[in-house]
Amino acid sequence: LAKQNGRNRYHLFDPEHDREVRTRREALGRLERALVNGEFVLHYQPKVDMRSGTLVGAEALIRWQHPERGLVPPGEFLPLLENTDLIVSIDQWVLDQALTDLAAWRTAGIDLTVSINISGRHLQKSDFRANLEAALMAHPEVPPSAVELEILETTAFADIRQVSVVLESCRKLGVSFALDDFGTGYASLGYLKKLPAQTLKIDQSFVRDMLTDSQDLAIVEGIIGLSRAFHRQVIAEGVETEEHGAALLQLGCDLGQGYGIARPMPGSDFPSWFEDYRARPFSTASTPPLGHALSP
Ligand code: C2E
Ligand code: MG
Ligand code: MG
Ligand code: MG
């Protein structure tokens, strides 16, 4: 659009806007080529039962292995794709790659589930279920019950009823759903009632300061309470220390994921990480109870 002020008032051509559009188009082109050239990689972050230390699953997290810039985190390129269909193609690549990796680990005797992030845009595509079914069919050695899809609520769903129908029908394929970054989105509480998602994932922004910020602690407690009332499973992300783990266990949240347990790692590192982990699992046993930090 033409600038509405100053000297550019009557200009229909805005060179600055034009430059922005061009920059964006170039960036999208680079990302499209990155997908074709196989420059995306998946790292995996373990999810554990903090009470027993048992590994329960791993979340697949995309990175861009850039030829010059090195490993680029998703926060630097995914936001650009949010309103494009390239995010759908990337989601599909992730789905296929994660199922390939999961199949290999399960064959090697590591019993776990994989969690895959699905963009809201993809979920609202009419062929989402068909894409998912095709990916599952391509990996018959992976039981669909070992696949969890994390729904990213970055954009409000246009039609929540339609999304809930899609989830319901995907449930029949055997996969399960988690509401990711729960508490940060547009309409989380309403979604909770309407969406057949089995798990709530407490956003790391609430977990990070829960030991010192009583409001964050109240939010964490509230989400755990909601999960109980709605008979959903609950997992905390951003478990950075044993103290976080101990406090979460005390509040009734058994499942955790975070730097204090393990950082995301290349898929090829996962089996050897697991070997070491089995000998020394995550434990909050040496952590004193934090009753004083928790509300009565
Ligand atoms: P998310 O799904 O909420 O993933 C959790 C993010 O928190 C990851 O960042 C992870 O590395 C980070 N994290 C985990 N534990 C800790 C911790 O203890 N402390 C701190 N400070 N951070 C922790 P990452 O890998 O940069 O991913 C960012 C976001 O990008 C994801 O958030 C997800 O929304 C999106 N994303 C990642 N991979 C994919 C993908 O394959 N497809 C789609 N559609 N989105 C993805
Ligand atoms: Mg996630
Ligand atoms: Mg999350
Ligand atoms: Mg997040």
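In listed order, ligands and their atoms are each counted from 1.
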Exercise. Can Gly75 be said to touch ligand 1, with heavy atoms closer than 4.0 Å?
Worked result: no
Exercise. Does Arg63 come within less than 4.0 Å of ligand 1, judged by its heavy atoms?
Worked result: yes
Exercise. With sequence neighbours excluded, what pairs up with Arg106 under the salt bridge (Lys or Arg N to Asp or Glu O under 4.0 Å) test?
Worked result: Asp111
For this session: Report the residue from Gln257, Arg263, Glu59 that forms a side-chain hydrogen bond (donor to acceptor under 3.5 Å, both in side chains) with Gln45.
Result: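 Looking at Gln257, Arg263, Glu59, the match for Gln45 under the side-chain hydrogen bond (donor to acceptor under 3.5 Å, both in side chains) is Gln257.
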For this session: Run through Ile116, Asp91, Leu78, Val41 and flag the one making a side chain to side chain contact (heavy atoms under 4.5 Å, CB included) with Ile62.
Result: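 When side chain to side chain contact (heavy atoms under 4.5 Å, CB included) is applied between Ile62 and each of Ile116, Asp91, Leu78, Val41, only Leu78 qualifies.
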List every atom of ligand 1 that sits less than 4.0 Å from any heavy atom of [X], numbering the atoms from 1 in the order shown and giving each element.
X: Pro264; result: 11 (O)
X: Glu240; result: 17 (C), 18 (O), 19 (N), 20 (C), 21 (N)
X: Pro74; result: 24 (P), 25 (O), 26 (O), 27 (O), 28 (C), 30 (O), 37 (C)

Quick one: does ligand 1 sit under 4.0 Å from the side chain of [X], the backbone, both or neither, non-hydrogen atoms only?
X: Gln204; answer: side chain
X: Val94; answer: side chain
X: Asp181; answer: side chain
X: Ile90; answer: neither
X: Glu59; answer: side chain

Problem set entry | Test: Arg280 and Asp276 ion pair at under 4.0 Å |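 Salt bridge: no.
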For this session: State plainly whether the residues Arg30 and Glu68 are in salt-bridge range, i.e. N to O under 4.0 Å.
Result: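 Here Arg30 does not pair with Glu68 in a salt bridge, since their nearest N and O are not under 4.0 Å apart.
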Exercise. Parallel, tilted or perpendicular for Phe40 and Phe77, by the 30°/60° rule?
Worked result: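 Because their plane-to-plane angle lies in the 30° to 60° range, the rings of Phe40 and Phe77 count as tilted.
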Exercise. What is the ring orientation for Phe270 with Trp273, classed by angle as parallel under 30°, tilted 30 to 60°, or perpendicular over 60°?
Worked result: tilted
Problem set entry | ligand 1 N/O within reach of Gly258 N/O, cut-off under 3.5 Å |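 By distance alone, the answer is no.
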Exercise. Would you say Asn117 and ligand 1 have an N/O pair spaced under 3.5 Å apart?
Worked result: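 Yes; the residue has a nitrogen or oxygen that sits under 3.5 Å from a nitrogen or oxygen of the ligand.
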Exercise. At what distance, to the nearest 0.5 angstrom, does CG of Leu189 lie from NZ of Lys194?
Worked result: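 Interatomic distance, Leu189 CG to Lys194 NZ, rounded to 0.5 Å: 10.5 Å.
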Exercise. Which value, rounded to the nearest 0.5 Å, describes the distance between Ile151 atom CD1 and Asp181 atom CG?
Worked result: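 One finds 12.0 Å between CD1 of Ile151 and CG of Asp181.
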Problem set entry | Short N/O/S contact of Asp203 with the Mg ion (ligand 3) (below 2.8 Å) | no
Of all the N, O or S atoms in [X], which has the shortest distance to the Mg ion (ligand 3)?
X: Asp180; answer: OD1
X: Asp181; answer: OD1
X: Glu237; answer: OE1

For this session: Could you check which of Arg121, Gln45, Glu237 puts a non-hydrogen atom nearest to atom 14 (C) of ligand 1?
Result: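 Ranked by closest heavy atom to atom 14 (C) of ligand 1, first place is Gln45.
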Exercise. Which is closest to atom 2 (O) of ligand 1 in terms of heavy atoms, Asp180, Thr184, Ile116, Leu95?
Worked result: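 It is Asp180 that holds the nearest heavy atom.
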For this session: Would you check if the side chain of Arg129 reaches a backbone N or O of Val166 as a donor-acceptor pair within less than 3.5 Å?
Result: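 No, because the side chain of Arg129 does not come within donor-acceptor range (under 3.5 Å) of the backbone of Val166.
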Problem set entry | Verify same cluster id: Ile118, Leu136 (apolar side-chain graph, 4.5 Å) |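 Looking at the clustering, Leu136 is in the same group as Ile118.
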For this session: Decide if atom CD of Gln215 counts as having more than 12 heavy atoms of other residues, nucleotides or ligands within a radius under 6.0 Å.
Result: no
Exercise. Given atoms OE2 of Glu59 and OD1 of Asn117, what angle do they subtend at the Mg ion (ligand 2), to the nearest 10 degrees?
Worked result: 90°
Exercise. By atom name, which N, O or S atom belonging to Glu150 lies closest to the Mg ion (ligand 2)?
Worked result: OE1
